[in-house]
Participant: 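Structure in structure tokens, see below.
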Amino acid sequence: MASAMEQPGEKLAAGAEGCGEVRGEPQAAGESIEDRIRLLLRLRAQTKQQLLEYKSMIDANEEKTPEQIMQEKQIEVKIEDLENEIEDVKSDFEMKTLALNRMKLSAALTNNMEKMDAESSVLTDDMKHILELHKLIMKSQEESSELEEKLLDVRKKRLQIKQTSRSMLLEIQTEKSKQKKDLDNMENSDVIKTMQKKLQMEIKITTVIQHVFQGLILGSKTNWAEDSALKEIVLQLEKDLNTI
Amino acid sequence: MSVLRSMDKLPDLNRATILLVGTEDALLQKLAESMLQEHCASELRVHLANSLPLPSTVNRPRIDLIVFVINLHSKYSLRKVEECLSHVDSSFFLGKVCFLATGAGRESHCSIHQNTVIKLARTYRSPLLFCDLEVGSFRATMAQRLVRMLQICAGHVPGISAVNLLSLLRCSDSTPSKEL
């Protein structure tokens with residue numbers, strides 16, 4: 001349908017024809033056997049790789065696609081999972097190859113060591129140096145792990161102290177608020193109100209009595225300033241009972 | 001054939017074919033020339049196309065890598081590329097498709113936001129490359145890169161396949177999209 005509507009345009013690049021010229025390989029005269037062997041080996045590796053790709057495509061096509069219609073989000077999640085699987089397999093493979101290479105290297109080294117005696121001094125020096133460095137590395141790794149543990153302990157203690165201080169502060173706060181509440185309650189209670197009323201009453205009565213005594217003494221026209229005891233009594237009667 | 005399939009034909013010996021799809025003929029031509037100047041052990045063939053589907057009359061070798069060139073200055077190129085994507089078989093998207101966005105250097109002329117192209121590449125799970133194809137040195141570097149990718153996708157490099165390369169090229173900033 002689309003091909004009828006659009007005008008698809010395709011042209012071979014001018015250089016495509018020029019690509020017929022094989023790069024890197026000298027033509028005809030001057031081609032040595034080594035170059036030919038190199039070419040053949042390269043072609044062999046290429047064909048192997050391409051065969052591998054086709055085989056994997058065949059295997060992939062044998063997998064049945066799920067019949068149910070999944071939502072786009074689910075498909076994306078599945079794709080992510082599959083990609084993560086690929087990454088895991090790749091990293092596993094890389095690590096195994098590394099381990100294999102190391103084993104091969106050590107095997108070759110041991111073989112060589114057995115063969116060479118006088119010439120192996122450089123090799124043995126290097127190996128000894130490597131061993132020393134390994135020991136250093138292990139030691140410093142141990143030290144660093146110890147330091148990390150100490151750091152962790154200190155952090156834990158700090159956290160504990162923080163938590164206890166926090167709980168104590170909370171306690172203090174609750175106690176204070178309780179006290180304040182109690183105080184408010186007390187002030188509002190009726191008992192206190194009646195007591196306050198009585199107190200006011202008594203103060204009024206006492207003030208009246210004070211004034212009566214004052215009147216008595218002044219009325220008797222005695223000179224109260226001469227006698228110290230009388231002076232004291234008069235001055236005491238002046239005191240305002242509300243301010244006590 | 002209206003749909004491009006990746007493994008329909010057998011590969012030619014020592015030959016790698018790349019298909020550049022885009023609306024800017026001049027840029028594609030220049031990129032093709034830069035690629036052909038690259039030093040490469042295998043034989044390179046560069047095909048240019050404005051849109052898919054390709055005419056079935058031409059005898060064409062197996063296409064190893066498709067590069068969709070999007071010009072950030074024109075919305076037309078983006079639309080054309082999106083239309084072409086439906087003519088490509090899903091087996092291609094396992095590492096044999098690449099998006100190339102050009103013209104990001106001149107922000108004032110850009111009519112397509114970079115995020116649009118990034119989202120497009122993420123939907124199709126293919127690598128996205130940015131390059132200003134007008135500048136000669138950038139073009140030469142990009143040509144070198146494409147030649148290496150092409151060699152891997154054609155199977156000329158033992159030990160790496162297109163799918164392997166795809167997981168290597170996976171963008172590390174794919175997680176922020178989940179937060180959006």
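Letters go in sequence order (proteins before strands), and every chain restarts at 1.
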Participant: Do you know the tightest heavy-atom contact between A:Tyr54 and B:Lys9?
Facilitator: OH-O, 2.6 Å
Participant: Measure B:Val157 against the heavy atoms of chain A and call it side chain, backbone, both or neither at under 4.5 Å.
Facilitator: backbone
Participant: Are the side chain of A:Arg42 and the backbone N or O of B:Ala41 linked by a donor-acceptor pair below 3.5 Å?
Facilitator: yes
Participant: As an exercise, state the distance from CG of B:Leu13 to OG1 of A:Thr47, rounded to the nearest 0.5 Å.
Facilitator: 5.5 Å
Participant: Enter the distance from A:Glu83:CD to B:Leu166:CG here, rounded to the nearest 0.5 Å.
Facilitator: 7.0 Å
Participant: Do you know which of B:Ser161, B:Pro11, B:Ala162 has the most heavy-atom pairs with chain A at a distance under 4.5 angstrom?
Facilitator: B:Pro11
Participant: Is it the backbone or the side chain of B:Ile18 that comes under 4.5 Å from a heavy atom of chain A, or both, or neither?
Facilitator: neither
Participant: So which part of A:Leu51 gets closer than 4.5 Å to some heavy atom of chain B, the side chain, the backbone, both or neither?
Facilitator: neither
Participant: Just verifying a value: how many Å separate A:Gln50 CD and B:Asp64 CG, rounded to the nearest 0.5 Å?
Facilitator: 7.5 Å
Participant: Taking atom CZ of B:Arg125 and atom CD of A:Glu76, what is their separation to the nearest 0.5 Å?
Facilitator: 6.0 Å
Participant: About how many Å separate OG of B:Ser167 and CG of A:Leu82, when rounded to the nearest 0.5 Å?
Facilitator: 13.0 Å
Participant: Can you find a pair of side-chain heavy atoms, one from B:Leu168 and one from A:Lys90, that are under 4.5 Å apart?
Facilitator: yes
Participant: Would you find more than 12 non-hydrogen atoms of other residues, nucleotides or ligands less than 6.0 Å from A:Ile33 atom CD1?
Facilitator: no
Participant: Check the surroundings of atom CZ in B:Phe93: do more than 12 heavy atoms from other residues, nucleotides or ligands lie under 6.0 Å from it?
Facilitator: yes
Participant: Measuring heavy-atom distances to chain B, does A:Lys48 have an atom under 4.5 Å in its side chain, in its backbone, in both, or in neither?
Facilitator: neither
Participant: Kindly check if the number of other-residue, nucleotide or ligand heavy atoms within 6.0 Å of CZ (B:Arg145) is above 12?
Facilitator: no
Participant: In Å, rounded to the nearest 0.5 Å, how long is the span from CE of A:Met57 to CG of B:Leu94?
Facilitator: 6.5 Å
Participant: Evaluate the side chain to side chain contact (heavy atoms under 4.5 Å, CB included) criterion for residues A:Gln46 and B:Asn14: first the C-alpha distance (whole Å), next the side-chain angles of each, then the deciding distance (0.1 Å), finally the verdict.
Facilitator: CA-CA 8 Å; A:Gln46 277 181 15; B:Asn14 211 21; 3.0 Å; yes
